[in-house]
Amino acid sequence: MSTAVPDKPALEGLEEKWSARWKADDTYAFDRTKTREQIYSVDTPPPTVSGHLHPGSMWSYTHTDFMVRYKRMTGWEVFYPMGWDDNGLNIERRTQINYGVICDPSLPYVENFEPPEKPPKDPIPVSRPNFVELCRRLTEELEDEFEQLWRTVGLSCEWSYLYRTIGKDVSGISQRAFLQLVERGDAFRLEAPTLWDVDFQTSLAQADLEDRELAGAYHKIKFSDIEIETTRPELIPACVALVAHPDDDRYKARFGTTVRSPLFDVEVPVLAHELAQPDKGTGIAMICTFGDQTDVVWWRELGLPVRSIMGRNGRLLPLEWDDPEVQARYDELAGRNAKQAQKRIVDMLRESGDLVGDPKPITHAVKFWENGKSPLEIVTTRQWFIKFPPKEKLLQRANELHFHPEFMRVRLQNWIEGLQGDWNITRQRFFGVPFPVWYPVGDDGEVDWHTPITAPLDALPVDPSTDVPPGYTAEQRNQPGGFIGDPDVMDTWATSSVSPEFVSGWERDPDLFERVFPMDLRPQGQDIIRTWLFYTLVRGEMQFGGLPFTHTNISGFVTDPDRKKLSKSAGNSEDTPFGLIAKHGADAVRYWASGAKPGRDATIDPNEFKIGRRLAMKVLNASKFALGFGEEDASAPIGEPVDRALLAGLRATIAHATAAFEDYDYTSARDVAETFFWSFCDDYLELVKTRAYGQDEGIGLEATASARRTLRIALDVQLRLLAPFVPFVTEEVWSWWREGSIHRAKWPTVDELDGMADGDDATLRAAAHVLGQIRRTKTEAKVGMRAPVLRVDVADAEETIGRLAHVADDLVRAGSIGSLNLTIGEPLIAVELAPTE
RNA sequence: GGGCGUAUGGCUCAGUUGGUUAGAGCGCAGCCUUCACACGGCUGAGGUCACAGGUUCGAGUCCUGUUACGCCCACCA
């Protein structure tokens, strides 16, 4: 086979050429006839398609691709499916904006509804099924864009196993897993105090929260003769008790007695509880239903009544009071939001003399939904919960999992240790996996929430808002004696927490499941350790009593060069993923990504792209040279010391890169391969160039053949070492002279070089050192590198001189040296240039 | 309040189990263009390894403390 080396190799167009080719050839196809021991399976994070395409996503997904390509080359059959996470609130929001609609679940479904060309000013109310259709339409558009990006940046996914978290299969599996938990009693419906976002009017889970520092104030308030301090005086009407620490001498005598609340004159008990902190405020706290999560604990553990005043819309509920005066006061508060009510009640307390002194301004941490804009309230609602396995069990699993990097493990442990209560998986939203249950409606029209009608497993997935439960007819929906569908959807994490089971074909494709589960790798961001990683372990533990994967690779995050948040200005920004690839090339972008070890942050650094591009360019040019000597002579013996020294160094590089990859340290693997490659170009190529051409007198045919074969062997190995990082350019060069894809070639092993790599790497370094001295002399004399050298005297230790003697011929030719004199003695290199004509 | 990570020339980072004058790339300065490469090559200047103690014959590397930045967790009245 003859080589087909282009005259002017170029990087332009390699992404299009090779991504199309890999697609057409199904280069990364997964062979599902392989067995579990032969397979390396990856639980790919399904990107949230509602998010903007972000360089950070491209960066971290590329990290996984380095590992995947390495594993594939080392002989593993790689199962690397891709999925899209199109659940969730963000996609609802984008759908509303994009099409100018708003969901009104009370409306009937409209066939073939088409939104207007341009979104109108006032959103059009549409039914829930219509709204969901529009959400799906939008996600499909966004998904195409994502797929395009993943292909362009060279992710070697298996696209035929693509899944969507909102898709029929995933919905079905989510519902099936849910029903199994219901069956076992591990998922249950409960009316309980729940974290609630008043703007989006949905309940939330602990993992959805974040703290924000907010300005507030301590208000000192009299309950009879006891003074308490609170930041939320507007909750006084919801007060059910005061609580102090059992050992607090100031209040010991008062435990068991009662006081009366100011303004509302409600009798509340004074109680003792360990959680009360004597050094906070006046040491005694007001318990309301519910001000914060501690209130919930106190309420539960002290068996207190509920006195709720906060509505789901964040405004104080209208309530009946016995005393007309109290009623008049409360009526001033009803209908106001927390902030407005606080302002009013403080005025009233001041007038009544129950406010002691002025409020003391403070800043304190307040719980928010991470996407929300108002502080969370706690309201009592009916929700589906999943019961967590015991913490000890979860901690044990957290210890069994292999973390890359190891220090990320503590974050998972911290989270598990801080768990409170059960997992609320209910969201009062529209676009998500519905709960596959209905509730009977009594003849009196009352809904029986306690005996849900579950969907038959073989009917899944179902949508209870359109599907009818067994034994009922469609006409009985919402009728006395009929049924009502569960109105809510599952939390997006309730769905994605079964991703390893789902992609592995659990309950759907037992043959596949057998071959790929438990999976090998879970790559993911550090920001979702408490959610995706944690919930996945929970589900794995509940379903199988073990880990759903054995390794996790946690990536850091990307910031711009100013360490600030990346700007999201869409379109023309050079910092969009497509913009970066267009400007620098996919290999250069991947090179940049390869510079960050697992768990380490990175910035968008134009220099790194430049260096990556330079490497890719160098690969093209060095390959052109190495392959530019006609037919390969595979029988030529590698006899020259320089050649054997090079291969010895290459052999060490293979060992080093392989060890690094085995440790998930793709960065070091790239580093050693890259460093070797540059010295290959700068030193080795210069030393053997003339010999390889074979034009000068006195060069034996065998010496020339040795150089030419070494060049090819070294190139072959180096291309494979670099292939996971710069897959496009290495594939391009591979195609010039090799059959098939380099990405299906074997990862190099040290055994390949048996019999030809017994040289001494130090020999090459010694020669390069002398060459460097000659270059310096020429540079100082301001002459070209090809300027002739009259003589070079080298003195050094016996060992070094011995090495140089072996490679003297190559050295003389590379340096255009007239005479080279080697002597044993104090280290010295003297270079005398030939006189210029 | 508890914890994790980072701190090495202007910038981005390597520095393996403590061992001779601390490495690389970018940037910078200078030089070199026929024969793989100007989307290039070569050479050079540039660092008291955040700070303070300690262990040691010897510390960027180990120990203690401090500071700065980033992050995680916490029952935040």
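So you know, we letter chains A, B, ... as the sequences are listed, proteins then strands, and number each from 1.
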* Asked: Between A:Phe403 and A:Phe407, is the ring centre distance below 6.0 Å?
  -> no

* To do: May I ask you to check if A:Arg590 and A:Phe725 form a cation-pi contact, with NZ or CZ under 6.0 angstrom from the six-membered ring centre and within 45° of the axis?
  => no

* To do: Can you tell me, in whole Å, how much space there is between the C1' of B:A24 and that of B:G15?
  => 10 Å

* Between A:Asp683 and A:Lys689, does at least one N-O distance fall below 4.0 Å, as a salt bridge requires? -> no

* Integer-rounded Å distance: B:C72 P and A:Glu210 CD -> 9 Å

* Under 4.0 Å between a Lys/Arg side-chain N and an Asp/Glu carboxylate O for A:Arg613 and A:Asp587? -> no

* Structure fact -> When A:Ala10 and A:Leu685 are each assigned the nearest nucleotide of RNA chain B, the 5'-most assignment goes to A:Leu685

* With C1' as the reference atom in both, quote the distance from B:G58 to B:U20 in angstrom, rounded to an integer. => 11 Å

* To do: Verify the ring-centre separation between A:Phe557 and A:Trp59: is it less than 6.0 angstrom?
  => no

* With a 4.0 Å heavy-atom cut-off, tell me which residues in residues 289-302 of chain A come close to RNA chain B, sorted by residue number. => A:Thr294, A:Trp298

* To do: Mind calculating the distance between CZ (A:Arg786) and P (B:C35) to the nearest angstrom?
  => 7 Å

* Should the ring pair A:Tyr535 and A:Trp493 be called parallel, tilted or perpendicular, given that the plane angle runs from 0 to 90° and is split at 30 and 60? -> tilted

* Asked: Atom CD of A:Glu229 and atom P of B:A77: how far apart are they, to the nearest Å?
  -> 10 Å

* What salt bridge (charged side-chain N to carboxylate O under 4.0 Å, His left out) pairs are there with at least one residue in residues 404-413 of chain A, not counting sequence neighbours? -> A:Glu406-A:Arg409

* C1' atoms of B:C51 and B:C69, separation to the nearest Å -> 15 Å

* Any donor-acceptor pair under 3.5 Å from A:Arg530 side chain to A:Trp415 backbone -> no

* **Ion pair A:Asp248/A:Arg254, N-O distance below 4.0 Å** => no

Result block: side-chain N/O donor-acceptor pairs under 3.5 angstrom for residues 674-681 of chain A, not counting sequence neighbours:
from: A:Glu674; atom 1: OE1; to: A:Tyr591; atom 2: OH; distance (Å): 3.2
from: A:Glu674; atom 1: OE2; to: A:Tyr591; atom 2: OH; distance (Å): 2.6
from: A:Thr675; atom 1: OG1; to: A:Asp671; atom 2: O; distance (Å): 2.8
from: A:Ser679; atom 1: OG; to: A:Phe676; atom 2: O; distance (Å): 3.2

* Interatomic distance, A:Tyr684 OH vs B:G41 P [rounded to whole Å] -> 20 Å

* Which one, B:A77, B:C37, B:C72, comes nearest to the side chain of A:Glu686? -> B:C37

Provide a list of protein-nucleic acid N or O atom pairs under 3.5 angstrom, restricted to nucleotides 26-30 of chain B.
from: B:C26; atom 1: OP1; to: A:Arg614; atom 2: NH2; distance (Å): 3.0
from: B:C26; atom 1: O3'; to: A:Lys610; atom 2: NZ; distance (Å): 3.2
from: B:C26; atom 1: O2'; to: A:Asn607; atom 2: OD1; distance (Å): 2.5
from: B:C26; atom 1: O2'; to: A:Asn607; atom 2: ND2; distance (Å): 2.7
from: B:G27; atom 1: OP1; to: A:Lys610; atom 2: NZ; distance (Å): 2.4

* With sugar-phosphate meaning primed atoms plus P, OP1 and OP2, does A:Cys288 contact a base, only sugar-phosphate, or nothing at under 4.0 Å between heavy atoms? -> nothing

* To do: Could you please spell out the steps behind the side chain to side chain donor-acceptor pair (under 3.5 Å) verdict for A:Thr289 and A:Arg307?
  => CA-CA 6 Å; A:Thr289 52; A:Arg307 196 167 287 144; over 6 Å; no

* Tell me what A:Lys624 touches on the nucleic acid: a base, only sugar-phosphate, or nothing, going by heavy atoms under 4.0 Å. => sugar-phosphate

* Using a strict 4.0 Å threshold on nitrogen-to-oxygen distance, state whether A:Glu377 and A:Arg232 make a salt bridge. => yes

* Atom P, compared across B:A52 and B:G60: separation rounded to whole Å -> 13 Å

* To do: Output yes when A:Glu631 and A:Arg712 qualify as a salt bridge under the 4.0 Å nitrogen-oxygen rule, no when they do not.
  => no

* Contact class for A:Ala276 vs. all strands (heavy atom < 4.0 Å): base, sugar-phosphate, or nothing? -> base

* To do: Report yes if a side-chain nitrogen or oxygen of A:Lys8 is closer than 4.0 Å to either non-bridging phosphate oxygen (OP1 or OP2) of B:A38; otherwise report no.
  => yes

* For atom C1', what is the distance between B:C13 and B:U8, given to the nearest Å? -> 9 Å

* **Reading 5' to 3' through nucleotides 15-22 of chain B, protein heavy-atom contacts under 4.0 Å coded B for base, S for sugar-phosphate only, - for none** => S-------

* To do: Answer yes when A:Glu227 and A:Lys222 have at least one side-chain N-carboxylate O distance shorter than 4.0 Å, and no when they do not.
  => no

* To do: Establish, with yes or no, whether the OP1 or OP2 oxygen of B:G3 is under 4.0 angstrom from a side-chain nitrogen or oxygen of A:Arg411.
  => no

* In whole angstrom, give the distance that lies between atom CH2 of A:Trp592 and atom P of B:C13. => 12 Å

* What residue among A:Lys360, A:Lys280, A:His219 forms side chain to side chain donor-acceptor pair (under 3.5 Å) with A:Glu229? -> A:Lys360

* **A:Glu210 with A:Arg212: basic N within carboxylate O range, under 4.0 Å** => yes

* To do: Return the nearest nucleotide to the side chain of A:Arg775; candidates are B:U12, B:U43, B:G70.
  => B:U43

* Separation between the P atoms of B:C49 and B:C62, rounded to whole Å -> 15 Å

* RNA chain B: stems of at least 3 consecutive Watson-Crick or G-U pairs, cut-off 3.5 Å? -> B:1-7 with B:67-73, B:10-13 with B:23-26, B:28-32 with B:40-44, B:50-54 with B:62-66

* Any side-chain N or O of A:Gln206 under 4.0 Å from OP1/OP2 of B:A74? -> yes

* Check every strand shown and say whether A:Leu11 touches a base, only sugar-phosphate, or nothing at a heavy-atom separation below 4.0 Å. => nothing

* Asked: Quick one: are A:Val538 and A:Phe388 in side-chain contact, heavy atoms under 4.5 Å?
  -> yes

* To do: Under 4.0 Å between any heavy atoms, over every strand shown, what does A:Met785 touch: base, sugar-phosphate, or nothing? Just pick one.
  => sugar-phosphate

* Starting at atom CG of A:Leu412, determine the distance to atom P of B:G5, rounded to an integer number of angstrom. => 16 Å

* Considering only atom C1', compute the distance from B:G9 to B:A29 and round it to an integer number of Å. => 16 Å

* Which of the following nucleotides, B:A74, B:C73, B:G41, is nearest to the side chain of A:Arg530? -> B:C73

* Asked: Using a cut-off of 4.0 Å on non-hydrogen atoms, how would the nucleic acid contact of A:Gln413 be classed: base, sugar-phosphate, or nothing?
  -> nothing

* Asked: For the pair made of CD1 in A:Ile528 and C1' in B:C71, what is the distance, rounded to whole Å?
  -> 16 Å

* Identify whether any heavy atom of A:Arg776 sits under 4.0 Å from a base atom; if not, whether one sits that close to sugar-phosphate; answer base, sugar-phosphate or nothing. => sugar-phosphate

* Structure fact -> To the nearest angstrom, the CG-P distance between A:Asp208 and B:C73 comes to 12 Å

* Of the nucleotides B:C42, B:C39, B:U6, which has the atom closest to the A:Arg600 side chain? -> B:U6

* Asked: Considering only the P atoms, how many Å lie between B:U16 and B:G23, rounded to the nearest integer?
  -> 14 Å

